[in-house]
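Remember, it's 1-based here, ligands and their atoms both numbered in the order they're listed. What you see is a predicted model; the values in this text were computed from it and never measured.
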Amino acid sequence: MIRAEIAERGPMRLDRYIALCNAHYYATRDPFGRAGDFVTAPEITQAFGELLGAWCVSVWEGMGRPDPVLLAEAGPGRGTLMADALRLADRVAPGFAAAARVHLIETSPVLRAAQQTRLGGRVAAWHDDIATLPEGPLLLVANEFLDALPVRQILHDGRERAVGCEGERLVWTTLPAPGEPPGERGEAACAWVAALAARIARESGAALIIDYGHEGGATDTLQAVRGHAPADPLAAPGETDLTAHVDFAAVAAASRAAGAAVHGPVPQGTFLRALGLPERTAVLCRAARPGTARQLQAAARRLMDADAMGLVFKALAIAAPGLPAPPGFVP
Ligand code: SAH
C-alpha cells in the first residue's frame with residue numbers, strides 16, 4: 001500500500017508514513033510484554049495504575065465530586081492501568097467508583113478485545129477519538145499514547161524528510177522546503193491535546209499525560225522497536241513499533257492556547273514519588289512472597305530511577321482553570 005501510494009503520488013511525508021505503519025501495527029497484534037516488542041509502566045507494576053486511580057479520585061474531590069463523571073483513557077493497551085485504577089477506587093473511594101463512567105479511546109480491534117476481556121461490563125463505550133465522548137466533567141489518563149502519533153521532520157536545509165521507494169525497498173528521501181523552521185514537529189499530538197484541553201476548559205475536568213519526551217528543540221527522536229531491540233524504521237513497515245518523543249513544551253502551549261491550565265511537566269520519578277510509589281510498593285511487599293516482593297521493588301525503581309524511566313518519562317496535567325493543583329504537581 002505504501003509503495004503503491006509512493007509510485008502514484010511521489011515521496012510520502014513522514015507523518016503519513018508513521019500513521020499508516022502504526023494503524024497496521026496496533027490493529028494486528030498485542031505488542032506488550034516479554035514475547036512482544038516493548039513493556040509499559042502498567043505492565044511493570046500494579047502500583048502504577050493504582051496511583052493513577054488515586055490521582056483521579058483526588059482530582060474528582062477537588063472538582064466537587066461530580067456524579068456522573070467520565071473516566072476516560074486514551075490508548076489503554078491491555079486495559080491493565082484502568083483495571084488497577086478501578087480496583088483501587090472500588091476499595092478506597094466507592095463514591096467515585098459509582099460515579100465513574102468508563103470510556104476508552106482505542107482504534108485497534110485486537111486491543112479493544114483485550115480491554116473487553118480485562119474490564120468487561122465496566123466499560124460504557126469505546127471511541128475512535130475524543131470527539132465522540134459524551135459531554136460532562138472528564139478525567140482522562142493517557143500513558144504512552146501521544147508517542148504513537150505521527151511527527152514531521154524539517155531538515156536543517158529546510159527540506160522535509162520523506163519516504164521514497166527504490167525497487168521494492170523503502171528509502172529516506174526529501175520533499176521541497178515547506179518554508180518552516182527546522183526540527184521535529186508533533187502536530188498530531190498538539191492537535192489532539194488542543195481538542196482535549198478545549199473540552200476540559202469548557203466542561204471541567206483534568207487529564208494526566210505520561211510519556212517519554214523533552215521540552216522542545218529535538219531534531220530526530222523517531223525510533224523503531226521490535227522484540228525489545230532497536231530496528232530500522234523503514235525495514236518492516238507496520239511490523240515494528242514507531243514512536244517519537246513527545247514535545248511537552250509544544251503540548252503545554254497548545255493546551256494553554258485552548259484555554260486550559262497546565263501543570264508540569266515533571267519527571268516521572270518525581271511524580272510517582274510524590275504520589276507515594278515507595279509507600280504503596282512497601283504495602284504490597286508485606287503481603288507478597290519474597291520473590292514477588294523483590295520484583296515489586298525492582299519495578300518501582302525502574303519507574304523512578306533517573307537512569308531508567310524516571311527522567312526521560314514525564315507527567316503533565318491539563319486542568320480546567322480554577323481547579324486546585326493536582327497531586328504530584330503541587331509546588
Ligand atoms: N497505555 C497503554 C498502551 C500504550 S501503546 C500502556 O501503557 O500499556 C499505545 C496505545 O494507543 C495502544 O492501545 C494503541 O492501540 C493505541 N493507539 C495508537 N494510535 C492510536 C490512535 N490514533 N487513536 C487511538 N488509539 C491509538
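By the criterion of a heavy-atom distance under 4.0 Å, the side chain of Leu111, and not its backbone, is placed next to ligand 1. Heavy atoms from both the backbone and the side chain of Thr107 come within less than 4.0 Å of ligand 1. If you look at Leu81 next to ligand 1, there are no close heavy atoms at all, none under 4.0 Å.
Leu14 CG to Glu160 CD: the interatomic distance, rounded to the nearest 0.5 Å, is 8.0 Å. Remark: Leu196 CG to Leu138 CG distance equals 6.5 Å, nearest 0.5 Å.
Residues Asp129 and Trp192 have side chains in contact (heavy-atom distance under 4.5 Å, counting atoms from C-beta outward). In this structure, Leu139 and Phe96 have side chains that are in contact, with non-hydrogen atoms separated by less than 4.5 Å.
Heavy atoms only, all atoms of each residue included: Asp15 and Pro150 are closest at O-CB, 3.3 Å.
Residue Glu144 has no N or O atom closer than 3.5 Å to an N or O atom of ligand 1. Ligand 1 has no nitrogen or oxygen under 3.5 angstrom from a nitrogen or oxygen of Tyr26. Considering backbone and side-chain N/O of Thr40, one or more are found under 3.5 Å from N/O of ligand 1.
Close approach of ligand 1 to Gly77 is summarised as follows: ligand atoms under 4.0 Å from at least one heavy atom of the residue are 2 (C), 3 (C), 13 (O). Of all the atoms in ligand 1, the ones that sit under 4.0 Å from a non-hydrogen atom of Glu106 are 12 (C), 13 (O), 14 (C), 15 (O), 16 (C), 25 (N). Distances below 4.0 Å separate heavy atoms of Phe145 from the following atoms of ligand 1: 11 (O), 20 (C), 21 (C), 23 (N), 24 (C), 25 (N), 26 (C). Annotation for ligand 1: atoms under 4.0 Å from non-hydrogen atoms of Asn143 are 1 (N), 2 (C), 4 (C), 7 (O). Applying the 4.0 Å criterion to heavy atoms of Pro42 picks out, from ligand 1, the atoms 6 (C), 7 (O), 8 (O). For ligand 1, the atoms sitting less than 4.0 Å from at least one non-hydrogen atom of Ser108 are 15 (O), numbered in the order shown with element in parentheses.
Gln115 pairs with exactly one of Leu104, Val102, Thr80 by the side-chain contact (heavy atoms from CB on, under 4.5 Å) rule, that one being Leu104.
Note: Phe38 and Phe32 have perpendicular aromatic rings, judged against thresholds of 30 and 60 degrees for the angle between ring planes.
A salt bridge is absent between Glu215 and Lys314; no separation between the charged side-chain nitrogens and carboxylate oxygens falls under 4.0 Å.
Counting protein heavy atoms only, atom 2 (C) of ligand 1 is closest to Gly75 O, 3.2 Å.
Shown here is Arg91, whose CZ atom has more than 12 heavy atoms of other residues, nucleotides or ligands within 6.0 Å.
In this structure, Leu149 counts as a contact residue of ligand 1, since one of its heavy atoms falls inside 4.0 Å of the ligand.
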